[in-house]
Novice: 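First, the structure itself, so that you have it in front of you.
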Amino acid sequence: MCCDDDCRCRPLGFLLGLPFAFLSLIICFIGIVVWIVGLFLSCICPCCFCVTVLVEFALGLIRAPISVMKWFTEQIPC
């Protein structure tokens with residue numbers, strides 16, 4: 001049941017997105033490992049630009065579960 005005009009409460013989209021959020025959670029853990037390795041490499045050689053790109057990519061992987069759940073809940077109408 002929607003509380004306001006924006007219709008933010010979409011339980012069906014949340015339930016349909018759970019399996020995909022679980023898969024992106026696994027990818028998130030891979031991103032955490034890549035992020036730690038990238039931070040370690042950037043401390044060793046801070047002049048290397050590709051390590052910075054690697055760390056930014058890992059942060060995107062870490063944020064993946066939240067992005068997936070937002071996308072699925074927005075796709076289901078009220």
Side-chain angles (χ1 to χ4, degrees):
M1 189 152 63
C2 292
C3 308
D4 57 347
D5 293 334
D6 198 16
C7 269
R8 293 265 178 203
C9 48
R10 297 179 177 134
L12 184 60
F14 179 77
L15 291 175
L16 289 174
L18 279 178
F20 298 102
F22 180 70
L23 289 176
S24 61
L25 187 65
I26 294 170
I27 293 172
C28 174
F29 288 124
I30 295 170
I32 289 171
V33 171
V34 171
W35 181 61
I36 290 171
V37 170
L39 282 178
F40 179 72
L41 289 176
S42 68
C43 288
I44 292 174
C45 181
C47 60
C48 191
F49 178 70
C50 62
V51 176
T52 307
V53 173
L54 184 70
V55 170
E56 291 296 323
F57 176 71
L59 286 175
L61 289 177
I62 292 170
R63 293 182 193 128
I66 297 170
S67 301
V68 168
M69 288 308 293
K70 282 184 181 178
W71 185 81
F72 263 100
T73 54
E74 289 173 358
Q75 298 304 312
I76 303 297
C78 284

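The structure presented is a predicted model; accordingly, all values stated were derived computationally and were not measured. Along the sequence shown, residues carry numbers from 1. When reading the values below, keep in mind they use all heavy atoms of this one structure, side chains included, and skip hydrogens, waters and symmetry mates.
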Novice: Please check if atom CG in L23 has more than 12 non-hydrogen atoms from other residues, nucleotides or ligands closer than 6.0 Å.
Specialist: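 Yes, CG of L23 has more than 12 neighbouring heavy atoms, counting only those of other groups under 6.0 Å.
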Novice: May I have the step-by-step check of side-chain contact (heavy atoms from CB on, under 4.5 Å) for V53 and F57, ending in yes or no?
Specialist: CA-CA 6 Å; V53 173; F57 176 71; 5.5 Å; no
Novice: Does L59 share a hydrophobic cluster with I66, counting links as ILVMFWY side-chain heavy atoms below 4.5 Å and allowing steps through other members?
Specialist: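 The answer is no; the residues belong to distinct hydrophobic clusters.
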Novice: Give me the atom names and distance for the closest heavy-atom approach of G38 to V55.
Specialist: C-CG2, 3.6 Å
Novice: Of all residues at least two apart in sequence or in a different chain, which pass the side chain to side chain contact (heavy atoms under 4.5 Å, CB included) check with I32?
Specialist: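 I32 satisfies side chain to side chain contact (heavy atoms under 4.5 Å, CB included) with C28, F29, I36, I62 only.
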Novice: Check A58 against G31 and note the closest heavy-atom contact, atom names and distance.
Specialist: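 It is CB-O, 3.3 Å.
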